[in-house]
Amino acid sequence: MAELRLRLSGIGGQGIVFAGRLLSQAMVEAGKYVSLRYAYGAEVMGTPVHSELVISDEPILCPFFREAHVAVVLHPRAFPEALLGIDAQGLLVLDSAIHREGIPAGTKVEVRPFVAATTKGRPGDPGRLAPVAALGFLAKLGFFPLDPLLSVAKVSRAAQENIEALEIGFNF
């Protein structure tokens with residue numbers, strides 16, 4: 001991997017920011033250069049949230065990008081914004097609850113039930129562990145190694161839940 005531009009998108013309360021932090025810390029520990037930034041509305045709960053990461057083998061000259069190589073979208077409200085920012089030959093990873101309209105030709109698409117698989121029947125849980133499961137899935141696809149993610153997850157808040165979510169995604 002020379003450079004990976006990744007956008008994680010969902011809604012406030014899903015753990016999009018946490019997943020971005022988890023991945024960035026894991027990649028730094030794996031010896032990569034990482035840039036991380038977030039974008040979210042003033043009313044965080046329920047509004048679209050995005051974590052944008054650049055992961056590189058070399059120093060990152062610019063942490064901003066228009067088009068992601070990989071876009072993960074975990075809620076229908078975040079889909080329109082995320083769709084505008086995907087590379088023409090990029091990979092779009094979607095939660096199975098998202099209606100797939102308007103995806104540009106040539107875009108590769110992977111669909112998995114991230115929210116359903118990680119929502120443990122908790123009231124009001126919008127799929128808080130879904131972004132962590134998506135990271136496990138991206139590790140399975142070879143975008144980055146799983147071991148650094150597991151290592152960082154072991155010392156995170158709710159460590160066992162995060163490890164389980166990574167494994168759920170990796171096993172999709």
Side-chain angles (χ1 to χ4, degrees), residues 1-10 14-38 50-75 78-79 82-83 85-98 100 103-118 127-156 159-172:
M1 162 186 69
E3 181 177 279
L4 173 65
R5 297 186 312 259
L6 170 65
R7 181 176 293 115
L8 302 170
S9 300
Q14 275 190 310
I16 297 293
V17 170
F18 171 78
R21 288 180 182 158
L22 181 76
L23 178 58
S24 65
Q25 185 177 352
M27 293 301 94
V28 166
E29 291 188 12
K32 304 292 183 188
Y33 293 91
V34 180
S35 166
L36 169 65
R37 63 188 208 101
Y38 323 113
H50 310 279
S51 283
E52 295 181 347
L53 294 98
V54 178
I55 303 168
S56 180
D57 294 330
E58 300 178 10
I60 298 166
L61 301 178
C62 180
F64 302 101
F65 59 84
R66 285 183 194 258
E67 297 178 333
H69 297 126
V70 178
V72 176
V73 185
L74 300 172
H75 195 278
F79 184 64
L83 198 56
I86 183 79
D87 185 271
Q89 301 302 312
L91 173 64
L92 186 58
V93 178
L94 300 174
D95 182 76
S96 58
I98 296 173
R100 298 171 284 283
I103 297 172
T107 304
K108 295 177 276 312
V109 180
E110 292 281 348
V111 180
R112 298 293 185 279
F114 297 108
V115 174
T118 58
R128 179 178 65 77
L129 292 169
V132 178
L135 296 181
F137 181 67
L138 292 177
K140 174 76 169 218
L141 294 179
F143 286 102
F144 38 77
L146 180 63
D147 287 340
L149 284 166
L150 290 170
S151 176
V152 171
K154 285 179 186 175
V155 296
S156 67
Q160 191 57 41
E161 283 184 326
N162 291 320
I163 290 167
E164 289 172 9
L166 285 168
E167 292 170 348
I168 287 169
F170 194 81
N171 290 323
F172 275 143

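Note: hydrogens, waters and symmetry copies are ignored here, and every other heavy atom, side chains too, is used.
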With a 4.5 Å cut-off on side-chain heavy atoms, are [Y] and [X] touching?
X: Phe65; Y: Arg7; result: yes
X: Phe79; Y: Leu92; result: yes
X: Leu83; Y: Pro104; result: yes

Please report the C-alpha distance between Val132 and Glu161 in whole Å, then the side-chain angles of each, then the deciding distance to 0.1 Å, and finally whether the side chain to side chain contact (heavy atoms under 4.5 Å, CB included) criterion is met. CA-CA 10 Å; Val132 178; Glu161 283 184 326; over 6 Å; no

Distance (rounded to the nearest 0.5 Å) between [X] [atom1] and [Y] [atom2]:
X: Ser151; Y: Gln25; atom1: OG; atom2: CD; result: 8.5 Å
X: Arg37; Y: His50; atom1: CZ; atom2: NE2; result: 10.0 Å
X: Leu74; Y: Ile16; atom1: CG; atom2: CD1; result: 5.0 Å
X: Leu23; Y: Leu138; atom1: CG; atom2: CG; result: 8.0 Å
X: Leu22; Y: Leu150; atom1: CG; atom2: CG; result: 9.5 Å
X: Tyr33; Y: Ile55; atom1: OH; atom2: CD1; result: 14.5 Å

Of the non-hydrogen atoms in Val54 and Arg5, which two are nearest, and what is the gap between them?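 Taking Val54 first and Arg5 second, the nearest heavy atoms are CG2-CG, 4.4 Å.
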
Can a salt bridge be assigned to the pair Arg112 and Asp95 using a cut-off of 4.0 Å between side-chain N and carboxylate O?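 So Arg112 does not pair with Asp95 through a salt bridge.
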
With side chain to side chain contact (heavy atoms under 4.5 Å, CB included) as the criterion, how do Val72 and Phe137 come out once you've worked through the C-alpha distance, each side chain's angles and the decisive distance to 0.1 Å? CA-CA 10 Å; Val72 176; Phe137 181 67; over 6 Å; no

Heavy-atom neighbours of Lys140 NZ exceed 12 at 6.0 Å: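 Yes, NZ of Lys140 has more than 12 neighbouring heavy atoms, counting only those of other groups under 6.0 Å.
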
Let's go through Leu6 and Phe143 carefully: what are the C-alpha distance in whole Å and the side-chain angles of both, what is the deciding distance for side chain to side chain contact (heavy atoms under 4.5 Å, CB included) to 0.1 Å, and is it a yes or a no? CA-CA 10 Å; Leu6 170 65; Phe143 286 102; over 6 Å; no

